[in-house]
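Contents: one structure, followed by commentary.
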Amino acid sequence: MKVLMVCLGNICRSPLAEGILQQKINNLSLGWEVDSAGTSSLHAGEKPDIRSIQVAKTNGIDISNQRSRPFRGWDFETFDWIYVMDSSNYRDVIAMAQSEKEKAKVKLIMNELVPGKNIAVPDPYYGEFGFENVYKMLDQACDKIVGLN
Ligand code: 4NP
């Protein structure tokens with residue numbers, strides 16, 4: 001299984017989602033691949049936001065080696081599932097799909113935990129929604145993705 005996590009900047013939410021899922025893949029010896037990308041290239045080449053690095057570290061995960069990269073059309077070919085964080089990411093990724101098959105790969109990540117409710121993982125960049133809350137949401141969603149809980 002190849003999974004891609006997508007947010008806007010690929011510096012706050014999707015790097016955390018990648019790190020969390022990678023840890024579960026390792027713990028369960030699943031042999032899956034996980035990567036992350038942003039719908040914007042604004043932060044391309046940058047490390048994750050220090051606040052994401054910190055909350056991951058607190059939870060025993062090192063995401064400091066990740067670098068932001070933009071989502072590209074060929075990611076539809078590489079990945080089996082493309083998990084987006086909010087409806088704006090969903091629109092941006094779907095707009096790049098070239099077939100119904102590609103569109104069907106794109107899912108809101110919180111729908112894994114609460115099916116059909118289209119709950120967003122809020123953008124924590126400006127600080128109103130805490131990074132610890134983002135971590136908890138993604139940790140629960142990733143448990144579902146790997147079949148735990
Ligand atoms: P992310 O958060 O999409 O979770 O990586 C953001 C990072 C940067 C910006 C917005 C959201 N920005 O506007 O620069």
Side-chain angles (χ1 to χ4, degrees), residues 1-26 32-98 102-146 148-149:
M1 193 71 71
K2 293 185 182 176
V3 178
L4 184 67
M5 302 296 193
V6 176
C7 63
L8 173 62
N10 191 210
I11 55 168
C12 296
R13 293 165 293 177
S14 60
L16 267 179
E18 178 187 336
I20 291 167
L21 188 62
Q22 183 69 65
Q23 190 193 50
K24 294 183 195 298
I25 289 167
N26 295 349
W32 295 5
E33 288 179 25
V34 59
D35 192 10
S36 64
T39 56
S40 140
S41 57
L42 205 63
H43 295 275
E46 294 180 17
K47 284 186 178 200
D49 188 285
I50 187 66
R51 297 164 293 179
S52 281
I53 292 177
Q54 285 293 352
V55 76
K57 193 176 170 192
T58 302
N59 288 279
I61 300 174
D62 181 6
I63 62 166
S64 63
N65 289 327
Q66 291 185 33
R67 295 294 180 272
S68 174
R69 71 154 177 101
F71 179 82
R72 298 291 191 211
W74 58 76
D75 286 320
F76 284 112
E77 289 163 40
T78 308
F79 294 95
D80 300 298
W81 295 116
I82 297 167
Y83 286 109
V84 296
M85 302 295 136
D86 61 32
S87 57
S88 153
N89 307 153
Y90 186 83
R91 274 194 303 275
D92 290 343
V93 172
I94 287 286
M96 293 172 72
Q98 292 189 317
E102 290 186 352
K103 286 181 185 173
K105 293 183 172 189
V106 187
K107 304 207 275 187
L108 275 169
I109 192 167
M110 290 308 291
N111 278 352
E112 293 294 316
L113 191 66
V114 196
K117 294 283 185 218
N118 297 342
I119 294 170
V121 180
D123 182 351
Y125 189 64
Y126 296 104
E128 292 96 21
F129 193 81
F131 282 70
E132 184 61 40
N133 292 328
V134 169
Y135 186 92
K136 285 180 192 150
M137 291 178 84
L138 293 174
D139 189 45
Q140 290 181 39
C142 288
D143 273 343
K144 288 286 181 190
I145 291 169
V146 297
L148 290 173
N149 298 321

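Position 1 is the first residue of the sequence, and the numbers go up from there. Just so you know, ligand 1 is whichever comes first in the structure, and atom 1 is the first atom listed for that ligand.
- For K57, the salt bridge (Lys or Arg N to Asp or Glu O under 4.0 Å) criterion is met by no residue, not counting sequence neighbours.
- The salt bridge (Lys or Arg N to Asp or Glu O under 4.0 Å) search around D143 returns K24, not counting sequence neighbours.
- Two residues are said to be in side-chain contact when any heavy atoms from C-beta on lie closer than 4.5 Å; Y90 and N118 fail this criterion.
- Remark: D49 engages R51 in a salt bridge (Lys or Arg N to Asp or Glu O under 4.0 Å) (not counting sequence neighbours).
- Remark: the D92 side chain and the N89 side chain contain no N/O donor-acceptor pair separated by less than 3.5 Å.
- Using a 4.5 Å heavy-atom threshold, the side chains of I109 and M5 count as touching.
- Within 4.0 Å of ligand 1, counting heavy atoms only, the contacting residues are C7, L8, G9, N10, I11, C12, R13, L42, H43, D123, Y125, Y126.
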